[in-house]
Amino acid sequence: MSPIKPVTKENMALAASLIQKGKLVAFPTETVYGLGADATNDLAVAAIYEAKGRPQFNPLIIHVAKTTDILTYVEWNDRAKRLAKIFWPGPLTFVLRRAKNSPIAQLASGGLDTIAVRCPNHPVAHELISLAGRPIAAPSANASGKLSPTHADHVYDSLGENVDMILDGGATSVGIESTVLDLTSDIPTILRPGGVTQESLSALLGEVYEACTMAHGDDGAPKSPGMLSSHYAPHLPIRLNALTASDDEAFVTFGPDLFIEGGAYRINLSPRGNLIEAAANLFSMLRIVDREPYKGIAVMPIPDEGLGAAINDRLRRAAAPRG
Ligand code: TXA
Ligand code: MG
């Protein structure tokens, strides 16, 4: 049965309960359709990456329905407030520092210390966020590397049964993704051009940089979030493909604990060897072990299939020599 559903009261309530249960719901925004999940639920967020077949944990945009909602998620500042008054709801995403005790899942922000937030200008998106009572993490609802969807049918063509429900809100009006604006630096920087132009931002903010020197992938995403200065890199050295760990290392394991030996402390990404669960735990578990008294972090081999490719990509970056 097709997961495409017309926007009715019943279907909106169903969609909201699916989000609350950690399922995936595609929904219209004014830019493109988003593939939404509860942004506070690591497992639900991992399912987004799985459904899109993303080879990397590119950070996601957190969608909110009201400005008050985001006060506990990010460090809201004067510039963001001013911009929000004028451009929200609308196709402008702010990158801000993660608030202390932010409920947003580590995986949703790709392990970064910053979080991208946006208030979309679409009644269906607003109602879904409000009814679910959760912030919704949503990348464009297409398979990785494919075109962004501007129709419910495009979502189904690209993701098929990988999405639990697709709310059909007709064609989207803007058709290109939101502008991603980094507000954590002294001079605001456009990380991805989109629905709000540089001219209109400059008119309000004065100088605005465009991150044109940054390598970009097909979807306009920075190819390497590791190039961003705010990027989380573990303090401790990381050793990959470790079969055992020494007495001063923390050991991040995967799969049944039966045969695992060594390590000052052990933490398991997924005792049942499930890659979605491992992805959901990756960033939060790395943070747990990245501290004294350990001298290093040893990580067991992770199968390089499905989400394992994204996990290994991230681990290789974390283990790469630091400049
Ligand atoms: O219009 C849109 O923005 C659509 C709709 C669904 O809202 N969403 C969308 O999401 O295009 P996605 O995942 O395809 O693109 C998100 C962009 C990526 O370029 C990502 O690198 C950037 O936002 N981004 C997200 N969080 C970030 C962060 N903390 N720091 C820097 N860039 C971030
Ligand atoms: Mg995209």
Side-chain angles (χ1 to χ4, degrees), residues 24-37 39 45 48-49 51-54 56-65 73-75 87-99 102 104-122 124-126 128-129 135-150 154-155 158-159 166-167 169 172-185 188-196 211 214-232 283:
L24 302 182
V25 175
F27 62 96
T29 78
E30 80 281 31
T31 58
V32 299
Y33 275 73
L35 179 61
V45 173
I48 291 180
Y49 291 101
K52 283 186 64 102
R54 265 202 184 176
Q56 295 175 1
F57 294 127
N58 203 356
L60 306 176
I61 295 172
I62 310 305
H63 296 72
V64 298
Y73 310 160
V74 289
E75 285 177 12
F87 294 105
W88 276 11
L92 180 62
T93 295
F94 304 142
V95 173
L96 292 162
R97 297 217 174 278
R98 171 181 278 272
S102 175
I104 303 299
Q106 286 288 344
L107 187 60
S109 58
L112 298 174
D113 285 328
T114 54
I115 292 176
V117 285
R118 137 169 148 86
C119 182
N121 188 10
H122 198 291
V124 175
H126 274 252
L128 182 64
I129 299 164
I136 294 186
S140 48
N142 51 278
S144 181
K146 299 287 188 286
L147 286 179
S148 291
T150 54
H154 300 170
V155 179
S158 196
L159 295 173
I166 302 169
L167 285 169
T172 63
S173 57
V174 176
I176 58 162
E177 293 92 339
S178 63
T179 302
V180 179
L181 184 68
D182 183 356
L183 291 176
T184 64
S185 47
T189 304
I190 295 175
L191 300 179
R192 178 180 74 180
V196 170
M214 203 183 283
H216 282 65
D218 302 343
D219 60 352
K223 260 189 187 151
S224 159
M227 292 163 71
L228 303 171
S229 57
S230 55
H231 184 235
Y232 166 72
F283 292 113

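Whatever order the structure lists ligands and atoms in, that order sets their numbers, starting from 1.
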Q: Report, in ascending order of atom number, the atoms of ligand 1 lying under 4.0 Å from any heavy atom of H63.
A: 5 (C), 6 (C), 7 (O)
Q | Atom indices of ligand 1 within 4.0 angstrom of L191 heavy atoms, with elements | A |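 Checking each atom against L191, I get 31 (C), 32 (N).
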[Y] backbone acceptor or donor facing [X] side chain under 3.5 Å:
X: S140; Y: N142; result: no
X: Y49; Y: L107; result: yes
X: S185; Y: P188; result: no
X: S158; Y: A143; result: yes

Does an N or O from [X], backbone or side chain, lie closer than 3.5 Å to an N or O of ligand 1?
X: Y33; value: no
X: T114; value: yes
X: T29; value: no

Q: Check V155, L24, L35 against I166 for a side chain to side chain contact (heavy atoms under 4.5 Å, CB included) and give me the one that passes.
A: V155
Q) Has R54 got any heavy atom lying under 4.0 angstrom from an atom of ligand 1? A)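 Contact present.
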**Q.** Distance-only side-chain donor-acceptor flag, S178 / T93, under 3.5 Å
**A.** yes
Q: Could you tell me whether the side chains of S148 and E177 share a donor-acceptor contact shorter than 3.5 Å?
A: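 Side chains of S148 and E177: pair found under 3.5 Å.
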Q: Answer yes or no as to whether an N/O/S atom of N142 is found below 2.8 Å from the Mg ion (ligand 2).
A: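 No, N142 does not qualify, because none of its backbone or side-chain N, O or S atoms lies under 2.8 Å.
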Q.
Does the plane of the ring in F283 sit parallel, tilted or perpendicular to the ring in F57? Use 30° and 60° as the thresholds.
A.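 Taking F57 first and then F283, their aromatic rings stand perpendicular (interplane angle over 60°).
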Q. Under 4.0 Å from ligand 1, counting heavy atoms only, is it the side chain of V180, its backbone, both or neither?
A.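 Answer for V180: side chain.
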Q) Which bit of E177 gets closer than 4.0 Å to ligand 1, counting heavy atoms only: side chain, backbone, both or neither? A) both
Hey, looking at [atom], which of [options] has the closest heavy atom?
atom: atom 5 (C) of ligand 1; options: T31, D182, N58; answer: T31
atom: atom 30 (N) of ligand 1; options: V117, L112, I48; answer: L112
atom: atom 33 (C) of ligand 1; options: P91, P59, G111; answer: P59

